[in-house]
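Letters A, B, ... mirror the listed sequences (proteins, then strands); counts begin at 1. These values consider heavy atoms only, across backbone and side chains, with no hydrogens, waters or symmetry-generated copies.
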There are 2 protein chains.
Amino acid sequence: MILQTIVTPMKSTIPESGVPIAQIADNGTPELSLHGEILSRLRDYVVEGNIPDGARVPERQLCELFGVSRTPLREALKVLAAEGLIELLPNRGARVRELGKRDLEELFDVIGGLESLAGRLACETITDEEIAEIERLHYEMYGYYLHRDMHNYFQVNQRIHERIVAASRNETLRTIYANLAGRIRRVRYSANFARKRQRWAEAMREHEAILDALRRRAGSELSDTLFQHLRNKRTAAVEHLGRTSEGLTTESVDG
Amino acid sequence: MILQTIVTPMKSTIPESGVPIAQIADNGTPELSLHGEILSRLRDYVVEGNIPDGARVPERQLCELFGVSRTPLREALKVLAAEGLIELLPNRGARVRELGKRDLEELFDVIGGLESLAGRLACETITDEEIAEIERLHYEMYGYYLHRDMHNYFQVNQRIHERIVAASRNETLRTIYANLAGRIRRVRYSANFARKRQRWAEAMREHEAILDALRRRAGSELSDTLFQHLRNKRTAAVEHLGRTSEGLTTESVDG
DNA sequence: AGGGCATATTTTGCATTCATTTTTTCCCAT
DNA sequence: ATGGGAAAAAATGAATGCAAAATATGCCCT
């Protein structure tokens, strides 16, 4: 699990120059330590799907690839396991964690719950400028929708959701959200591409409702709308997963 | 960026559902690897407040204490940093992360959001037996309330909340919840002890409302009630923190 | 006596090494 | 051939070693 490692206000005896290294799922700040660097790169490497699901994560080869010894790499593996991206099997190394149908459902529900919470909190403190920025993104996304530009639509869509979470002014929430969102990024992406036109239009309407509730700062309403939006995404993604056994999972999901 | 794909020698079958070791804040399943063992023990050690907040985590001493070399201990430190329990400063070791007022507020809000979600989900699938078990705990807790037995009240209280989360049938949620709950356990505990009688009575009434909504499987209502319950806990805890001092200090919590 | 600076000690980060365990290979028996 | 199993090879888990950075110590000077 991922959580944050932000430097909090420190005691007077401690010099101020400390910079935390174990940035989790964060922006691309220059990593000072080798471990942090490797952690970021390895996470991206896995998220981007360079290793087949369920396949072994080859320690030795990755060491060569990244040009480091096993020690920092293994530390990174432990962290990724804690994040839920991979799993560690005793004496048998790390495997890319497969996302089964149930895992996906769970993740979407939790993400939905978090976005729902974020929406409620955001309404309490969001500024007009932030709303304006989200509006801007919304119309940008609408443009991509009209042009059937799935890739950019997806990117902007993600950023809108991130903005809402950021507007909650809750760094803890933001960090956890980023972690979970990272886990299902691939599924969301491919599910998006496989979208039927109808669902896509539906999603656009939902986004309009979201924006509308946000403008009115209707916390409770926004909360519900976001949760329902994610529920619909969940349905679409899980359906997609069911149709394609490609890449993301094998079966092995019993009821 | 790295685009190379690593080819792993994959067996045709993916059998032997091994047990992942890096369980986060999980139950006390027997840990097989030294790393997992150390991770658990170190987490407990920190959570229990054996190291003052903001203080340095003495790598070497802990190695002696646990009787292991630095390698598995450092791996555990990386994971704990990812969990947010400690922070890692480059070349300057690990420090116990201090929970400031803002951190607490954030954590309570997120936990509230998660419990709220859990309640909603639980109502969809909870069985009569599970409800009966929670009822049993509720009345047990009520007994401790009447006897002003704060310690046991706290324990059972925690278990009730855990049961509700468990009833959501969402392992992902359960894991994240356990992690966050662990982070603030100490605060919750001491805040509980400092409770004014009025707040305590209030909490009991809230719990009754929770149980009531659960019996009727009124998801939306339960969701709201839980969130509000946590908001009130947040207020109490933050107030308590303000009174005791900035940040929590060594307050050994036994049991 | 106290502050500043150079040196010694400790600590950290990472690489390397070592002991097991697992996986593969290859030989033999059926 | 084919399946079983022993031996070889490789991978894993953990300890140790080593260079660099940080902290502590002590010396010198005012």
Starting from [atom2] on [N], measure out to [atom1] on [X] and report it in whole angstrom.
{"X": "Arg95(B)", "N": "dT12(C)", "atom1": "CZ", "atom2": "P", "answer": "10 Å"}
{"X": "Ile38(B)", "N": "dA15(D)", "atom1": "CD1", "atom2": "P", "answer": "8 Å"}
{"X": "Glu37(B)", "N": "dG13(D)", "atom1": "CD", "atom2": "C1'", "answer": "15 Å"}
{"X": "Glu75(B)", "N": "dT12(C)", "atom1": "CD", "atom2": "P", "answer": "16 Å"}
{"X": "Phe66(B)", "N": "dG13(D)", "atom1": "CZ", "atom2": "P", "answer": "20 Å"}
{"X": "Lys78(A)", "N": "dG13(D)", "atom1": "NZ", "atom2": "C1'", "answer": "8 Å"}
{"X": "Leu73(A)", "N": "dG13(D)", "atom1": "CG", "atom2": "C1'", "answer": "14 Å"}

- Using only side-chain N and O atoms of Thr71(A), determine if any of them is under 4.0 Å from OP1 or OP2 of dC14(C).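 Negative; the distance criterion is not met.
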
- Message: Please enumerate all residues that pass side chain to side chain donor-acceptor pair (under 3.5 Å) together with Arg234(B), with sequence neighbours excluded.
- Response: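 Side chain to side chain donor-acceptor pair (under 3.5 Å) check on Arg234(B) returns Asp109(B).
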
- Item | Partner residues of Glu130(B) under the side chain to side chain donor-acceptor pair (under 3.5 Å) criterion, sequence neighbours left out |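 Partners of Glu130(B) by the side chain to side chain donor-acceptor pair (under 3.5 Å) criterion, ordered by chain and then number, come out as Thr127(B), Arg169(B).
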
- Qualifying ring-ring contact (aromatic ring centres under 6.0 Å, His included) pairs, either residue in residues 57-96 of chain B, two or more places apart: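 Passing the test, one end in residues 57-96 of chain B: no pairs.
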
- Message: According to salt bridge (Lys or Arg N to Asp or Glu O under 4.0 Å), does anything in residues 62-77 of chain A pair up with another residue at least two apart or in another chain? List the pairs.
- Response: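 Residue pairs with at least one partner in residues 62-77 of chain A: Glu59(A)-Arg70(A), Glu59(A)-Arg74(A), Arg60(A)-Glu64(A), Arg74(A)-Glu75(B), Glu75(A)-Arg74(B), Glu75(A)-Lys78(B).
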
- Task: Inspect the contact between Asp53(B) and Arg95(B) and indicate whether a charged nitrogen and a carboxylate oxygen are less than 4.0 angstrom apart.
- Result: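 Asp53(B) and Arg95(B): not salt-bridged.
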
- Task: List in chain and number order the residues that pass side chain to side chain contact (heavy atoms under 4.5 Å, CB included) with Val47(B), two or more places apart in sequence or in another chain; answer none if no residue qualifies.
- Result: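 Side chain to side chain contact (heavy atoms under 4.5 Å, CB included) check on Val47(B) returns Arg43(B), Leu85(B).
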
What pairs of nitrogen or oxygen atoms, one from the protein and one from nucleotides 9-12 of chain D, lie under 3.5 Å apart?
from    : atom 1 : to       : atom 2 : distance (Å)
dA11(D) : O3'    : Arg56(A) : NH2    : 3.3

